Number of protein chains: 2
Amino acid sequence: MQTVIIGSGNVAYHLARALVEIKLPPVQIFGRNESELQTISNELKIPYSTKNLVNSDIYLICVSDNAVEEVSQLITKKDVLVAHTSGSLPKDILKGDYRKASFYPLQTFSKSKVPDYSKIPFFIEAENEKDRTLLFELASGISENVMESTYEKRKYIHLTAVFACNFVNHLFSRAKEISDSQEIPFDYFLPLIDETVQKIHEIEPQAAQTGPAVRNDRRILELHEQLLKDESLEIYKTMNHSIQKMYEL
Amino acid sequence: MQTVIIGSGNVAYHLARALVEIKLPPVQIFGRNESELQTISNELKIPYSTKNLVNSDIYLICVSDNAVEEVSQLITKKDVLVAHTSGSLPKDILKGDYRKASFYPLQTFSKSKVPDYSKIPFFIEAENEKDRTLLFELASGISENVMESTYEKRKYIHLTAVFACNFVNHLFSRAKEISDSQEIPFDYFLPLIDETVQKIHEIEPQAAQTGPAVRNDRRILELHEQLLKDESLEIYKTMNHSIQKMYEL
């Protein structure tokens with residue numbers, strides 16, 4: 001099973017690296033950014049090119065969402081399988097006469113940090129059973145968590161991730177604004193944040209809820225509202241309203 | 001330096017335990033709930049009582065916010081130091097002729113899990129330099145992070161924790177609703193959540209922001225809004241608005 005990785009960003013690097021680790025090194029890493037490709041190529045001992053795509057069974061497109069369609073047109077062969085790695089695109093975004101698929105690793109990648117690949121969920125969509133099996137095998141070599149997924153489902157996966165990750169990170173930003181305003185080091189909150197996340201590895205988040213809203217502590221809620229303004233005040237009210245609705249308070 | 005712990009909940013248990021670990025076991029643990037006191041007393045080898053408070057230099061009140069005032073009246077001695085452990089009460093909530101203080105450990109405690117006490121930030125407020133020093137010494141025995149804090153400051157600490165922990169947990173609840181609706185195991189999101197939190201140990205949350213709002217990806221934002229309703233839709237709009245304001249998009 002030969003693969004080519006297209007792209008030179010974080011997803012491209014980590015997918016290539018994961019494939020090297022399971023002894024299925026990509027036959028090529030292809031893209032436009034020569035210096036990035038060179039760095040990855042040197043580290044992982046994989047050939048790279050900015051010009052000529054080599055023959056392969058599978059092409060994994062690891063570029064940003066808005067470049068997928070254009071890049072997909074570089075593949076002119078027919079009897080090949082082409083998969084994009086985006087969480088928020090249908091497989092038909094791929095424009096070519098080949099078999100189309102989606103191969104979506106649910107993780108936030110950064111170049112400086114190697115996550116545990118075996119824990120990364122992979123979501124697979126293909127046109128037929130054979131391709132599905134092929135991609136399942138590839139993903140199962142890397143990870144313990146491989147699942148089928150339609151575009152419909154991927155939309156919800158992405159949405160869940162927006163709530164559980166993007167919005168969570170933004171709450172940290174707003175929280176840090178508050179602690180900064182009082183010259184309290186935000187690092188002081190890290191043990192509490194770690195514990196909050198540790199808890200939901202063990203119990204359901206709904207059972208783990210604490211704080212003034214779920215206690216319906218009117219005194220604190222009013223006091224806090226007086227300390228806030230603008231977007232942080234809006235977040236405060238919206239979140240408390242949602243908590244109280246969930247617990248029927 | 002003798003201490004008495006008043007209360008039998010999670011804060012009482014863990015403060016007592018932390019003091020035992022640094023070889024300053026409380027001379028008594030006092031409260032109303034005899035069976036809880038007995039359990040703690042047996043485990044930590046500390047005397048307990050539900051009736052007679054023993055003499056001590058310091059009394060640490062570890063009861064829920066709305067019980068602090070009442071419990072504080074049980075201490076009738078004068079030349080003693082009494083501290084409550086609440087993040088959201090002034091020290092003057094304590095009603096007695098003794099010296100008053102606040103001794104606030106910033107952590108979410110559960111009985112079944114022993115956190116690393118040395119990482120728990122303690123915030124101290126006292127009436128005079130001598131008491132402040134005394135409580136600093138006590139807290140510094142337990143933790144590396146001890147800081148002075150007025151009631152004004154504690155209010156903001158608590159507010160920061162609401163954003164960084166209570167609201168974060170609620171986002172996990174709403175995220176799980178979405179993944180449950182598509183029969184996607186919420187466990188699949190835990191590696192991504194862990195990574196999100198790991199990141200802010202290394203970089204500022206504002207620099208770590210990802211997702212459609214900060215990319216100003218209108219297509220995804222509109223698509224997501226169509227998938228949501230009620231409180232989750234309100235959260236979605238409020239958070240995106242706040243993200244876009246922060247990054248001036």
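A note on names: the letters A, B, ... follow the listed sequences, proteins ahead of strands, and every chain is numbered from 1. Nothing here was measured: the structure is a model prediction, and the numbers come from that model.
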Whatever's closer than 4.5 Å to a heavy atom in chain A on B:M239 counts as both

How far apart are the C-alpha atoms of B:L190 and A:I200, what are their side-chain angles, what is the distance that settles it, and do they pass the side chain to side chain contact (heavy atoms under 4.5 Å, CB included) test? CA-CA 9 Å; B:L190 293 178; A:I200 61 148; 3.7 Å; yes

Quick one: of A:N240, A:D217, A:D230, who has the most non-hydrogen atom pairs under 4.5 Å with chain B? A:N240

What option among A:A207, A:A213, A:A175, A:S242 has the most heavy-atom pairs under 4.5 Å with chain B? A:S242

Pick one of side chain, backbone, both or neither for A:S232, based on which atoms fall under 4.5 Å of a heavy atom in chain B. both

Non-hydrogen atoms of chain B under 4.5 Å away: do they reach the side chain of A:I157, the backbone, both or neither? both

Among B:Q209, B:E152, B:E234, which has the most heavy-atom pairs under 4.5 Å with chain A? B:Q209

Can you see whether A:K199 engages B:T108 through a side-chain donor-acceptor pair at a distance of less than 3.5 angstrom? yes

Just so I understand: if I count every heavy-atom pair under 4.5 Å between each of B:R215, B:Q198, B:K153, B:Q206 and chain A, which residue has the most? B:K153

Specify which of A:V197, A:T196, A:L159 makes the most heavy-atom pairs with chain B at under 4.5 Å. A:L159

Select all residues of residues 60-70 of chain B having any heavy atom within less than 4.5 Å of some heavy atom of chain A, and report them by number, or 'none'. B:D65

Most heavy-atom pairs under 4.5 Å with chain A, out of B:K155, B:H241, B:E231, belong to B:E231

If we count only N and O atoms by modelled type, under 3.5 Å, do the side chains of B:T238 and A:T238 hold a donor and an acceptor together? yes

Under the rule for side-chain hydrogen bond (donor to acceptor under 3.5 Å, both in side chains), what residues qualify as partners of A:S118, not counting sequence neighbours? A:D116

Given heavy-atom pairs under 4.5 angstrom as the criterion, report whether the side chain, backbone, both or neither of B:E202 touches chain A. side chain

Given a strict heavy-atom distance threshold of 4.5 Å, which part of B:K237 is in contact with chain A: side chain, backbone, both, or neither? neither

Heavy-atom side-chain proximity of A:Y188 to B:T160 below 4.5 angstrom: no

Validation: residues 219-227 of chain B side-chain donor-acceptor distances under 3.5 Å, sequence neighbours left out:
from: B:R219; atom 1: NH2; to: A:S88; atom 2: O; distance (Å): 2.9
from: B:H224; atom 1: ND1; to: B:Y236; atom 2: OH; distance (Å): 2.7

Is the closest side-chain donor-acceptor distance between B:D187 and A:H201 under 3.5 Å? no

Please determine, among A:S149, A:G211, A:S181, the option with the most heavy-atom pairs under 4.5 Å with chain B. A:G211

So OH of A:Y156 and CG of B:D180: to nearest 0.5 Å the spacing works out to 13.5 Å

Less than 4.5 Å apart, side chain to side chain, heavy atoms only: is that true for A:E177 and B:M246? yes

Less than 4.5 Å to any heavy atom of chain B: does that hold for the side chain of A:E183, its backbone, both, or neither? backbone

Where along residues 161-172 of chain B does a heavy atom come under 4.5 Å of chain A, listed by residue number? B:A161, B:V162, B:F163, B:A164, B:C165, B:N166, B:F167, B:V168, B:N169, B:H170, B:L171, B:F172

Engaged part of A:M147 at the chain B interface, taking heavy atoms whose separation is under 4.5 Å: side chain

Sub-4.5 Å side-chain heavy-atom contact between A:K176 and B:E204: yes

A:S173, A:P185, A:P115: which one forms the most heavy-atom pairs within less than 4.5 Å of chain B? A:S173

Does some side-chain heavy atom of A:P205 sit less than 4.5 Å from a side-chain heavy atom of B:R174? no

Please report the closest heavy-atom contact between A:K119 and B:P191, naming both atoms and the distance. O-CG, 3.3 Å

